[in-house]
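The structure under discussion appears below in the form of structure tokens.
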Amino acid sequence: MNWAAIVLVGGFALTWLGVVVFAADASALWVRFAQAAFGVFLVGWAIQKTVVMIHD
């Protein structure tokens, strides 16, 4: 794992959340919740990997 991959996934996750929250208003509410959960999962993954890289 390298820093570029972590930054890429974290940036994608934040972009994904922005699209889900502000632009996907035509989707069903449960679909938006599922997509937001996926975005939060990706942000959590990036944070966890960052912590692991800093501690190594």
**OP:** Can you measure from CG (L42) to CG (L8) and round to the nearest 0.5 angstrom?
**Re:** 10.5 Å
Subject >> Under the side-chain contact (heavy atoms from CB on, under 4.5 Å) test, residues paired with V7 that sit two or more places apart >> reply: none
**OP:** Could you state whether V40 and I47 fall into the same hydrophobic cluster, counting links through intermediate Ile, Leu, Val, Met, Phe, Trp or Tyr residues with side-chain heavy atoms under 4.5 angstrom apart?
**Re:** yes
Subject >> Shared-cluster residues of L29, by chain and number - hydrophobic side chains joined below 4.5 Å >> reply: F33
**OP:** Please identify each residue that fulfils side-chain contact (heavy atoms from CB on, under 4.5 Å) with A36, with sequence neighbours left out.
**Re:** L17, V20
Subject >> Side-chain hydrophobic cluster, 4.5 Å single linkage: members besides V21 >> reply: F22
Subject >> Qualifying residues under side-chain contact (heavy atoms from CB on, under 4.5 Å), relative to A26, sequence neighbours excluded >> reply: none
Subject >> Remaining members of hydrophobic cluster (4.5 Å side-chain criterion), V31 >> reply: W30
Subject >> Listed partners of A46 passing side-chain contact (heavy atoms from CB on, under 4.5 Å), at least two apart >> reply: I6
Original post:
In the hydrophobic cluster built from side-chain contacts under 4.5 Å, what are the other members alongside V19?
Top reply: none
Subject >> Residues in ring pair (Phe, Tyr, Trp, His ring centres under 6.0 Å) contact with F38, at least two apart in sequence or another chain >> reply: W16
